[in-house]
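Since the model is a prediction, treat every value here as computed from it, not as a measurement. We use all heavy atoms of the structure for the numbers below, so side chains are in, but hydrogens, waters and symmetry mates are not. Proteins come first, then strands; the chains are lettered A, B, ... in the order of their sequence lines, and each starts at number 1.
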2 protein chains.
Amino acid sequence: MTNNIKPNCPMGATICILSGKWKLFILSQLLEGVKRFSQLQTAMPGITQRMLTKQLRELEELNIISRKVYPVVPPKVEYALTEVGQSLKPVLQVLEDWGKFYINIQK
Amino acid sequence: MTNNIKPNCPMGATICILSGKWKLFILSQLLEGVKRFSQLQTAMPGITQRMLTKQLRELEELNIISRKVYPVVPPKVEYALTEVGQSLKPVLQVLEDWGKFYINIQK
DNA sequence: CAGAATCCACAGCGATACTG
DNA sequence: CAGTATCGCTGTGGATTCTG
């Protein structure tokens with residue numbers, strides 16, 4: 001995933017983690033609280049199940065989000081930010097703020 | 001470039017602009033001041049001329065950086081952040097800080 | 001409901017060679 | 001020095017179908 005970037009470089013690590021077309025969207029969704037798979041899906045029209053699954057797995061492996069499966073029928077899976085994920089909050093906030101700023105000056 | 005993301009969404013705009021394997025590196029280089037093409041290249045071992053050129057062009061088109069050509073032999077081209085580019089400074093800072101944090105807790 | 005499994009297109013990126 | 005011009009691979013992301 002945007003590989004062979006020096007992972008020991010701070011900027012490189014951040015790039016590795018946040019790159020991918022949907023990661024930032026997913027994270028900003030989860031900032032609002034725990035969400036189910038289907039909730040995430042409807043919140044982001046345009047993403048496919050395949051992609052959502054993949055990105056969630058990647059974020060899980062990076063210890064950014066947690067995945068809780070309820071052994072019920074029909075299946076229920078909840079995603080939430082880990083502590084590390086929570087630490088991304090100010091980062092996401094800054095990114096979004098700058099986006100607003102950029103859109104404004106562009107018109 | 002990570003296309004068909006809603007560009008009117010703040011997060012989407014930011015993603016569009018900062019995505020790409022090298023953009024953030026280039027920008028953090030230019031934060032240090034005006035740089036020549038060759039300076040950027042040596043500062044980022046691993047990037048090819050082709051990629052450097054492409055990413056610089058994209059950033060230029062987005063009004064993030066400026067390109068100044070000196071009509072001399074041998075050629076001399078200087079890149080610098082525009083005002084908009086300068087406004088990215090806190091953003092880059094936050095990203096880098098978080099990268100350091102993440103690297104630390106990982107070990 | 002929340003996915004796994006295939007199949008596939010194309011953009012992103014790289015290597016190399018050439019030029020004003 | 002600071003690029004273009006080709007060529008080609010590879011991974012990312014998409015469409016679709018199938019399952020516990």
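Listed here is the closest heavy atom pair of Phe25(B) and Cys9(A): CE2-SG, 4.0 Å. Here the closest non-hydrogen pair linking Ser28(A) and Met11(B) is CB-CE, 4.3 Å. The shortest heavy-atom contact between Ile26(B) and Gln55(B) is CD1-CB, 3.6 Å. The shortest non-hydrogen separation linking Gly99(B) to Thr14(A) is CA-OG1, 3.2 Å.
Members clustered with Tyr70(B): Val72(B), by chain and number, using a 4.5 Å side-chain heavy-atom cutoff among hydrophobic residues.
In this structure, Glu78(B) places its CD atom 12 Å from P of dG3(D), rounding to the nearest Å. Regarding Phe25(A), its CZ atom lies at a distance of 12 Å from the P atom of dG13(D), rounded to whole Å. One interatomic measurement links the two molecules: CD1 of Ile26(A) to C1' of dA2(C), which rounds to 14 Å at whole-angstrom precision. Atom CD of Glu58(A) and atom P of dG11(D) are 13 Å apart (whole Å). Counting to the nearest Å, the P atom of dC8(C) and the CE atom of Met51(A) are 17 Å from each other. One can place CG of Leu52(A) at 11 Å from P of dA4(C), the figure rounded to the nearest angstrom. The distance from atom CD of Gln55(B) to atom P of dA11(C) is 16 Å, rounded to the nearest whole Å. Between the C1' atom of dA2(C) and the CZ atom of Arg57(A) lies a distance of 9 Å, rounded to the nearest Å.
With sequence neighbours excluded, the residues forming a side-chain contact (heavy atoms from CB on, under 4.5 Å) with Arg67(A) are Arg57(A), Glu60(A), Val69(A), Val77(A), Tyr79(A), listed by chain and number. Asn63(A) pairs by the side-chain contact (heavy atoms from CB on, under 4.5 Å) definition with Gln106(B), not counting sequence neighbours. In this structure Val73(A) satisfies the side-chain contact (heavy atoms from CB on, under 4.5 Å) test with no other residue, sequence neighbours excluded. Under the side-chain contact (heavy atoms from CB on, under 4.5 Å) criterion, Ser66(B) pairs with Ala80(B), Thr82(B), sequence neighbours left out. With sequence neighbours left out, Gln93(A) forms a side chain to side chain donor-acceptor pair (under 3.5 Å) with Asp97(A).
Within residues 63-72 of chain B, the residues having any heavy atom under 4.0 Å from DNA chain D are, by residue number, Arg67(B). For DNA chain C, the residues of residues 31-39 of chain A within the heavy-atom distance limit of 4.0 Å (strictly under) are Arg36(A), Phe37(A), Ser38(A), sorted by number.
Residue pairs satisfying the side-chain hydrogen bond (donor to acceptor under 3.5 Å, both in side chains) criterion with at least one member in residues 35-47 of chain A, sequence neighbours excluded, are listed as follows: Gln29(A)-Lys35(A), Glu32(A)-Lys35(A).
Across dA4(C), dG3(D), dC13(C), the shortest atom-to-atom separation from the side chain of Tyr79(B) is found for dG3(D).
Put simply, Lys54(A) has no side-chain N or O that comes within less than 4.0 Å of OP1 or OP2 on dA4(C).
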Please encode protein proximity along nucleotides 15-20 of chain C as a string of B, S and -, counting only heavy-atom distances under 4.0 Å.
B-B--B
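Looking at Thr53(A) and Arg50(A), their side chains never come closer than 4.5 Å, going by heavy atoms from C-beta outward. Side-chain contact between Leu27(A) and Leu18(A): present, with at least one pair of heavy atoms (C-beta onward) separated by less than 4.5 Å.
Between the axis at the start and the axis at the end of the helix from dC1(C)-dG20(D) to dG20(C)-dC1(D) there is an angle of 50°, using five pairs per end and rounding to 10 degrees.
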Name each donor-acceptor pair under 3.5 Å that joins a side chain in residues 84-91 of chain A to protein atoms two or more places apart or in another chain, with its distance.
| unit_1 | atom_1 | unit_2 | atom_2 | d |
| --- | --- | --- | --- | --- |
| Ser87(A) | OG | Val84(A) | O | 2.4 |
| Ser87(A) | OG | Trp98(B) | NE1 | 3.0 |

